[in-house]
2 protein chains.
Amino acid sequence: MTNALPFKERRAPGFRTQVPEVCVTRLSLYLRELTRLNRQQVRMVSSRQLAESLGLTDVQIRRDFNYFGQFGTSGRGYDVRKLHDRLTKILGVAGRTWNVALAGVGHLGSALLAYRGFRERGFLFRVAVDTDPRKIGQTIQGLTIASASQLAHRVRQQQIHIGLITVPVESAQTVCDQLIQGGVRAILNFAPIHLDVPASVHLRTVDLAVELESLVFYLVHPSPDTDSRKNSMVNGA
Amino acid sequence: MTNALPFKERRAPGFRTQVPEVCVTRLSLYLRELTRLNRQQVRMVSSRQLAESLGLTDVQIRRDFNYFGQFGTSGRGYDVRKLHDRLTKILGVAGRTWNVALAGVGHLGSALLAYRGFRERGFLFRVAVDTDPRKIGQTIQGLTIASASQLAHRVRQQQIHIGLITVPVESAQTVCDQLIQGGVRAILNFAPIHLDVPASVHLRTVDLAVELESLVFYLVHPSPDTDSRKNSMVNGA
DNA sequence: CACTGTGAATGCATTCACAGCG
DNA sequence: CGCTGTGAATGCATTCACAGTG
């Protein structure tokens with residue numbers, strides 16, 4: 001319960017500024033683990049225990065939490081339920097849902113529509129569009145596929161918060177623009193191409209081929225010391 | 001054509017050591033863009049042009065290339081074809097294919113089996129397994145689904161290089177171990193859980209729910225200055 | 001004493017600034 | 001010039017080391 005934070009005032013209303021990008025990603029990871037622990041009736045958890053199950057370091061975790069305040073008890077660890085509740089609020093997923101639109105109902109798009117992990121965490125598909133006339137009008141996962149020409153309109157109408165792009169590269173930028181035009185401010189893109197978005201829109205690209213291909217590099221160039229993200233034991237005797 | 005590299009000798013046979021992790025990921029990105037340019041008969045390309053189309057900076061690209069040698073011509077840029085050939089060799093995808101095994105033929109698994117981006121870049125699915133008796137024996141994308149109990153065996157038999165995991169969290173670690181037991185040294189995991197692997201195995205996890213959820217943070221905490229990965233224009237008047 | 005919280009040190013990656021080449 | 005290649009400076013993230021607390 002430190003009473004004077006020297007120069008931490010600089011935290012703007014809604015902190016945001018100081019928080020490392022990576023930390024935000026990990027927040028979601030923490031949240032999932034805490035949900036698990038909660039289900040298992042676990043009351044308290046230490047940063048070390050969390051680190052162990054998530055493949056991180058304890059300091060990393062304590063520092064991540066610290067960007068948002070002091071949640072822990074010295075010598076005890078963290079109250080699972082309390083921490084969970086705090087983090088859901090910080091992440092913005094506390095007691096609410098988010099509306100999602102899917103552009104492109106191909107193999108990957110269909111898989112995402114069916115992905116339980118999304119619904120579990122409060123992401124609801126409200127719009128799905130495709131250009132294929134045979135698909136338009138079909139119902140998948142309880143959602144009727146609309147025409148791609150309707151995208152911007154539907155997105156606005158349904159108050160969509162987040163857009164998922166699973167269309168071929170040729171149409172990805174167009175679809176992206178339409179999502180933004182419809183008011184979307186966060187986009188998860190699976191098309192293997194760089195998309196231009198205004199600074200106010202948050203874009204994240206998951207490039208499956210790149211993920212796979214970059215793994216190959218390490219197969220072809222095995223490191224002398226056997227590496228990994230964890231202990232590399234370099235300085236040891 | 002610098003004649004003496006002061007202390008760059010430290011590059012071990014097969015460089016690997018010095019190369020930033022992020023750079024390796026980008027390598028694959030460069031390669032795809034160069035393939036595109038090649039198809040369009042473009043002869044030369046500058047780091048700035050590449051930067052523009054990939055959403056990176058020119059210096060970043062030049063430095064990335066430099067980890068592997070000098071490929072460019074001052075005042076001219078890079079020879080597209082030559083650079084492409086060099087990078088395919090460095091990445092380890094030059095004139096060869098890689099055998100892939102898929103564990104878990106659910107929605108996502110099926111989508112990956114069908115994903116053209118993989119085949120295009122020389123990744124061939126040779127094994128697919130599932131635990132569901134109704135799926136075993138079925139053929140999908142020309143591949144017959146085997147029983148999960150066969151995994152390690154098939155992987156060894158088919159000389160699989162890379163494993164993809166799209167099974168539920170409960171079985172992910174087991175499947176992972178079996179892949180490794182079968183001789184796999186690179187794994188792309190889609191199960192939303194941390195997997196333990198020996199240091200000699202390269203693991204990458206794509207966590208779809210985390211990708212989506214972490215986007216929400218930025219919706220809830222909009223930054224004062226409108227941010228983005230590109231020009232933030234902070235210091236400007 | 002087992003744990004959190006955090007300055008200070010280190011390590012990794014990007015950007016700046018510019019020498020040098022075609 | 002236009003562009004590459006690269007030391008030096010900066011910025012971002014992790015790790016170390018330890019003071020402080022229940």
Side-chain angles (χ1 to χ4, degrees), chain A residues 1-8 11 17-27 30 43-52 54-80 82-83 86 227-235, chain B residues 1-8 11 16-27 30 43-52 54-80 82-83 86 227 229-235:
Chain A
M1 200 170 276
T2 45
N3 54 353
L5 320 180
F7 45 82
K8 199 165 294 174
R11 272 182 189 167
T17 328
Q18 318 284 59
V19 183
E21 168 111 33
V22 228
C23 162
V24 173
T25 311
R26 278 186 304 240
L27 237 45
Y30 300 144
R43 297 305 239 182
M44 299 293 287
V45 69
S46 72
S47 57
R48 182 186 295 234
Q49 290 172 293
L50 279 175
E52 170 62 23
L54 295 174
L56 305 169
T57 76
D58 52 347
V59 201
Q60 206 170 30
I61 291 177
R62 289 202 298 279
R63 205 169 278 281
D64 280 353
F65 290 166
N66 253 110
Y67 286 110
F68 305 101
Q70 265 108 291
F71 305 146
T73 316
S74 311
R76 278 297 150 80
Y78 300 85
D79 180 302
V80 172
K82 199 158 84 184
L83 184 57
R86 294 295 243 101
D227 63 4
S228 143
R229 94 197 45 191
K230 34 175 60 175
N231 53 342
S232 52
M233 291 288 162
V234 173
N235 290 325
Chain B
M1 198 173 277
T2 45
N3 54 353
L5 319 181
F7 45 82
K8 198 165 295 174
R11 270 182 188 168
R16 179 54 185 66
T17 328
Q18 317 284 61
V19 183
E21 168 109 33
V22 228
C23 162
V24 173
T25 311
R26 269 179 248 135
L27 237 45
Y30 300 144
R43 297 304 239 183
M44 298 293 285
V45 68
S46 72
S47 56
R48 181 185 295 234
Q49 290 172 292
L50 280 175
E52 169 64 23
L54 296 174
L56 304 169
T57 76
D58 52 347
V59 202
Q60 206 171 29
I61 290 177
R62 290 201 297 279
R63 204 168 280 279
D64 281 353
F65 290 166
N66 253 110
Y67 285 111
F68 306 101
Q70 264 107 292
F71 306 146
T73 316
S74 311
R76 278 298 149 79
Y78 301 87
D79 181 303
V80 172
K82 200 157 83 185
L83 184 58
R86 294 293 244 103
D227 63 3
R229 96 198 43 193
K230 35 176 60 174
N231 53 339
S232 53
M233 292 288 163
V234 172
N235 290 325

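Hydrogens, waters and symmetry mates are skipped; everything else that's a heavy atom, side chains included, is used. Letters go in sequence order (proteins before strands), and every chain restarts at 1.
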Q: Just the rounded figure in Å: distance from C1' of C:dG22 to CE of B:Met44.
A: 11 Å

Q: Could you tell me which residues satisfy ring pair (Phe, Tyr, Trp, His ring centres under 6.0 Å) with A:Tyr78, sequence neighbours excluded, listed by chain and number?
A: A:Phe65

Q: Find the distance B:Ile61:CD1 to D:dC3:C1' and express it as a whole number of Å.
A: 13 Å

Q: Could you tell me how far apart B:Phe68 (CZ) and D:dT4 (P) are, to the nearest whole angstrom?
A: 17 Å

Q: 5'-most contact on DNA chain D: B:Ser46 or A:Arg76, nearest heavy atom basis?
A: B:Ser46

Q: Send over the distance from B:Arg43 CZ to D:dC3 C1', rounded to a whole Å.
A: 20 Å

Q: Specify the residue among A:Val59 and A:Thr73 whose closest nucleotide of DNA chain D lies further upstream toward the 5′ end.
A: A:Val59

Q: For A:Asn66 and D:dG20, what is the distance between atoms CG and C1' respectively, to the nearest whole Å?
A: 14 Å

Q: Could you run down the sub-3.5 Å N/O contacts of the protein with nucleotides 11-14 of chain D?
A:
{"residue": "D:dT14", "atom": "OP1", "partner": "A:Arg26", "partner atom": "NH1", "Å": "2.8"}
{"residue": "D:dT14", "atom": "OP1", "partner": "A:Gln60", "partner atom": "NE2", "Å": "3.2"}
{"residue": "D:dT14", "atom": "OP2", "partner": "A:Arg26", "partner atom": "NH2", "Å": "3.0"}

Q: Between A:Asp58 and B:Arg62, just flag the one whose closest nucleotide in DNA chain C comes earlier from the 5' side.
A: A:Asp58

Q: Over its full length, what angle do the end axes of the helix from C:dC1-D:dG22 to C:dG22-D:dC1 make, each axis taken from five pairs and the result rounded to 10 degrees?
A: 0°

Q: Can you name the side-chain hydrogen bond (donor to acceptor under 3.5 Å, both in side chains) partners of B:Glu52, sequence neighbours left out?
A: none

Q: Heavy atoms only, 4.0 Å cut-off, all strands: where does B:Phe65 land among base, sugar-phosphate and nothing?
A: nothing

Q: Once you round to the nearest 0.5 Å, how far does CD of B:Glu21 lie from CZ of B:Arg26?
A: 11.0 Å

Q: Return the value, rounded to whole Å, for the distance between atom CZ of B:Phe71 and atom P of C:dG22.
A: 18 Å

Q: With rounding to the nearest 0.5 Å, note down the distance linking CG in B:Asp64 to CG in B:Leu50.
A: 11.0 Å

Q: Test of understanding: with side-chain contact (heavy atoms from CB on, under 4.5 Å), list the residues that count as partners of B:Arg43, not counting sequence neighbours.
A: none

Q: Write down the atom of B:Met44, the atom of B:Arg76, and the distance for their closest heavy-atom approach.
A: CE-CB, 3.7 Å

Q: State which residues pass side-chain hydrogen bond (donor to acceptor under 3.5 Å, both in side chains) with B:Arg86; sequence neighbours excluded, sorted by chain then number.
A: none

Q: Over all heavy atoms of both residues, which pair between B:Asn66 and B:Gln70 is shortest? Give the atoms and the distance, please.
A: ND2-OE1, 4.0 Å

Q: Under 3.5 Å, side-chain donor or acceptor atoms of residues 54-63 of chain B against the rest of the protein: list the pairs with distances, not counting sequence neighbours.
A:
{"residue": "B:Thr57", "atom": "OG1", "partner": "B:Gln60", "partner atom": "N", "Å": "3.2"}
{"residue": "B:Gln60", "atom": "OE1", "partner": "B:Thr57", "partner atom": "N", "Å": "3.3"}
{"residue": "B:Arg62", "atom": "NH1", "partner": "B:Ser47", "partner atom": "OG", "Å": "3.1"}

